[in-house]
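As structure tokens, the structure follows; a few thoughts come after it.
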Amino acid sequence: MKIPITVKPKTTMNNKTGSWRTLKPKFLYDKCTACGICPRVCPEGIIKQIDKINSLGKLPYDCDFNYCKGCSLCAEVCPFKAIVMELDQK
Ligand code: SF4
Ligand code: SF4
């Protein structure tokens with residue numbers, strides 16, 4: 001008998017999680033080189049490019065706060081310090 005021991009990724013796309021977040025990422029658009037690393041590590045798959053060119057001539061990334069859990073992974077991996085975690089003042 002197979003027993004599932006892991007949860008499929010992106011499950012919270014069906015269930016908004018923004019209300020129980022303590023920290024939230026702030027995406028500093030003008031520091032983003034659009035390297036594409038942060039969307040690969042986000043467990044919720046909610047980091048996307050925005051439709052506005054920054055001062056580096058790139059399309060920077062941001063996330064959907066309806067689903068961001070504030071896990072900080074995106075900020076940890078950004079090699080350009082273009083994401084900082086801050087207290088979520090809801
Ligand atoms: S804090 Fe976590 S859930 Fe939120 S955008 Fe970054 S990696 Fe995704
Ligand atoms: S890891 Fe940093 S520089 Fe790379 S796309 Fe994400 S925010 Fe931009």
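Excluded from the calculations below are hydrogen atoms, water molecules and symmetry mates; all remaining heavy atoms, backbone and side chain alike, are included. Remember, it's 1-based here, ligands and their atoms both numbered in the order they're listed.
Two residues are said to be in side-chain contact when any heavy atoms from C-beta on lie closer than 4.5 Å; F27 and C63 meet this criterion. Two residues are said to be in side-chain contact when any heavy atoms from C-beta on lie closer than 4.5 Å; C38 and C78 fail this criterion. Proximity of D62 to Y29: side-chain heavy atoms (C-beta onward) are separated by under 4.5 Å at one or more points. Put simply, the side chain of C42 does not reach to within 4.5 Å of the side chain of C74, judged on heavy atoms.
The shortest contact between atom 6 (Fe) of ligand 1 and any protein heavy atom is with C74 SG, 2.4 Å. Closest protein heavy atom to atom 2 (Fe) of ligand 2: C78 SG, 2.3 Å. Taking atom 8 (Fe) of ligand 2 as the reference point, the nearest protein heavy-atom neighbour is C32 SG, 2.4 Å. What sits closest to atom 3 (S) of ligand 1 on the protein, heavy atoms only, is K69 N, 3.5 Å.
Interface of C71 with ligand 1, defined as ligand atoms under 4.0 Å from a residue heavy atom, comprises 1 (S), 2 (Fe), 3 (S), 7 (S). Residue S72 has at least one heavy-atom neighbour below 4.0 Å for each of these atoms of ligand 1: 1 (S), 2 (Fe). Taking every non-hydrogen atom of G70 and a distance limit under 4.0 Å, the qualifying atoms of ligand 1 come out as 1 (S), 4 (Fe). Close contacts between ligand 1 and I47 involve ligand atoms 5 (S) [criterion: under 4.0 Å to a heavy atom]. Listed by number with element, the atoms of ligand 2 under 4.0 Å from a non-hydrogen atom of I83 are 7 (S).
More than 12 heavy atoms of other residues, nucleotides or ligands sit less than 6.0 Å from atom CD of Q49.
Using 4.0 Å as the threshold, G36 has a heavy atom nearer than that to some atom of ligand 2.
At a heavy-atom distance under 4.0 Å, no atom of V77 approaches ligand 2.
We find the NZ-CD distance between K69 and E44 to be 4.0 Å, quoted to the nearest 0.5 Å.
One option in C38, C35, C63 has a heavy atom closer to atom 4 (Fe) of ligand 2 than any other, and that option is C35.
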